[in-house]
Amino acid sequence: MANFPKGFLFGTATSSYQIEGAVNEDGRTPSIWDTFSKTSGMTYNGDTGDIACDHYHRYKEDVVILKEIGVKAYRFSIAWPRIFPEKGNFNPKGIDFYKRLVEELLKNDIIPVATIYHWDLPQWAGDLGGWLNRDLIYWYSEYSQKLFKEIGNVVPMWITHNEPWCASILSYGIGEHAPGHKDYREALIAAHHILLSHGEAVKIFRDMNIKESQIGITLNLTPAYPASERDVDRLAAQYADGFSNRWFLDPIFKGNYPEDMIELYKEEIGKFDFIKSEDLGIISQPIDFLGINFYSRSIVKYSEKSMLKWIGVEGPGAKTDMGWEIRPESLYDLLKRLDKEYTRIPIYITENGAAFKDIITEDGKVHDQERIEYIKEHLKYANKFIKEGGNLKGYFLWSFLDNFEWAFGYSKRFGIVYVDYKTQKRILKDSALWYKEVINRASIVF
Ligand SMILES: OC[C@@H]1[C@@H](O)[C@H](O)[C@@H](O)c2[nH]c(CCc3ccccc3)c[n+]21
């Protein structure tokens, strides 16, 4: 039996575009994900977030379920297009939804953890060039400041951005996410502006001196391992680590971009003329916690073919329905590395979870034992890190509800609560009942 420290924050996580629906309600205007999901071929089956889990209307019922599971905290994101549906035009009805949600959470002793940006950029900002336009930093500052003013005193944990890597590299470089560009120079420009907007929001947050509230950022981090002990494969792993992790960790915690990656990129990217002298100082100002989203590791071998000099190799372990290798030990490796090389500020696992092919059996239940095993194993390694003195303060399971899985639409289920999208009925999967026990005892048997 392993116990977690008293006060360890067990939670669940979601995001606005993936669960809310009500895309035209109370003044909300389209986001780049409304546009992208309606562009043919961009999402599985042409799925969109138009309805999703209809959480905008069902949030009270959903908070009751959160209470039933017994989570201590709930991580959600705020839809920028509800708050500023047009450039410079604040929408009180938009913030009212989040005031109602936060009130409901607090009434049920659940700590609200708000992510300011989880990819649903207002289309009006997309039309200005999105994250390629340095002016977005101004608009993001206006948005963040308004949130801090309106609900800063009732939200104790603020996350500026969810996964800058996805919002830049995956979206402007690889093209799998909105706005679907495939230009690596654009990707690094977007990454820089997102990081800069993070820094500006932290500055605003500090200047407002909001009591009892903390601010951080969430990074998706993927430990990279060489496919062999050959030097070239070890070099490949170094570059994969730079690509996924150090390009974001270094500016935030060291105040510089990693030299080896600048060298690797400069042929393709040309001048790094989008970085101004004062930028890295703004990006690297102290934060109160680091959120990490961990799902799996990558194994890479050297390849002359790719500009990045590496290609992925399939791991030997079992896979989730996303095809991601199940490798809980890598969570421990990641945590130890962060502790040793980057920071000892509090760390929260702001996402960890798995998609599996869930079915409702005759008994009307969802026996998702694979998901229970996945979570149990990751909590085991999280606990090992804590026992060794690691400053891990919380774990947010992805996800509370089955929801819109971006390019995969509704074909992938990550929830511990099953959503029947035809009826919007919620069914607690076995994993929700198991997680309830874990939280109740703040210990797990493994
Ligand atoms: O894919 C599951 C979840 C998403 O539903 C969340 O919105 C997002 O924050 C999130 N990040 C990751 C890991 C990074 C990643 C995201 C999308 C595609 C590939 C890798 C996994 N997830």
Side-chain angles (χ1 to χ4, degrees), residues 11-20 31-33 36-37 42-44 47-49 52-53 55 74-79 113-121 159-178 180 187 191 194 216-224 240 243-245 247-249 290-298 312 315 319-327 330-331 334 348-356 358 371 374-375 378 395-417 419:
T12 56
T14 62
S15 89
S16 43
Y17 189 72
Q18 293 181 269
I19 66 166
E20 286 179 0
S31 73
I32 59 171
W33 264 95
F36 190 72
S37 61
M42 292 302 119
T43 63
Y44 174 86
D47 288 348
T48 74
C53 309
H55 176 73
Y74 171 60
R75 176 183 176 233
F76 60 94
S77 83
I78 296 169
V113 177
T115 305
I116 296 173
Y117 183 72
H118 198 125
W119 310 348
D120 43 357
L121 187 72
I159 295 167
T160 55
H161 280 280
N162 178 72
E163 303 189 341
W165 184 91
C166 287
S168 58
I169 313 294
L170 197 56
S171 305
Y172 288 89
I174 297 168
E176 199 178 295
H177 281 192
I194 289 169
I217 188 170
T218 277
L219 302 178
N220 56 296
L221 298 173
T222 306
F243 170 77
S244 303
N245 310 317
W247 193 260
F248 298 93
L249 286 167
L290 172 66
I292 62 170
N293 291 354
F294 173 83
Y295 287 86
S296 187
R297 66 169 173 176
S298 67
K319 308 293 184 299
T320 69
D321 195 29
M322 295 296 280
W324 299 344
E325 185 191 16
I326 300 172
R327 186 71 186 185
S330 296
L331 171 60
L334 169 61
Y348 291 84
I349 294 169
T350 39
E351 284 180 33
N352 174 247
F356 291 107
D358 294 323
R371 184 173 288 106
Y374 179 98
I375 304 297
H378 286 82
Y395 175 91
F396 291 79
L397 201 162
W398 185 272
S399 179
F400 167 41
L401 299 169
D402 291 335
N403 59 54
F404 175 77
E405 181 46 39
W406 309 110
F408 291 87
Y410 298 99
S411 68
K412 303 296 178 190
R413 293 179 178 272
F414 275 88
I416 55 173
V417 174
V419 176

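Atoms within each ligand, like the ligands themselves, are counted from 1 in listed order. By convention here, the first residue in the shown sequence is residue 1.
- Remark: side-chain polar atoms of D47 are not paired, donor with acceptor, to backbone N or O of S37 under 3.5 angstrom.
- Scanning all heavy atoms of the two residues, the minimum distance from T350 to F396 falls at O-CB, 3.4 Å.
- Under a 3.5 Å cut-off, the side chain of Y17 and the backbone N or O of G49 do form a donor-acceptor pair.
- No donor-acceptor contact under 3.5 angstrom links the side chains of S399 and T14, judged on distance only.
- A heavy-atom cutoff of 4.0 Å around ligand 1 is satisfied by the protein residues Q18, H118, W119, N162, E163, C166, L170, H177, N220, N293, Y295, W324, E351, W398, E405, W406, F414.
- Side-chain contact annotation: D402 with Y410, donor-acceptor N/O pair under 3.5 Å absent.
- R327 places no side-chain N or O within 3.5 Å of a backbone atom of S298 that could act as its donor or acceptor partner.
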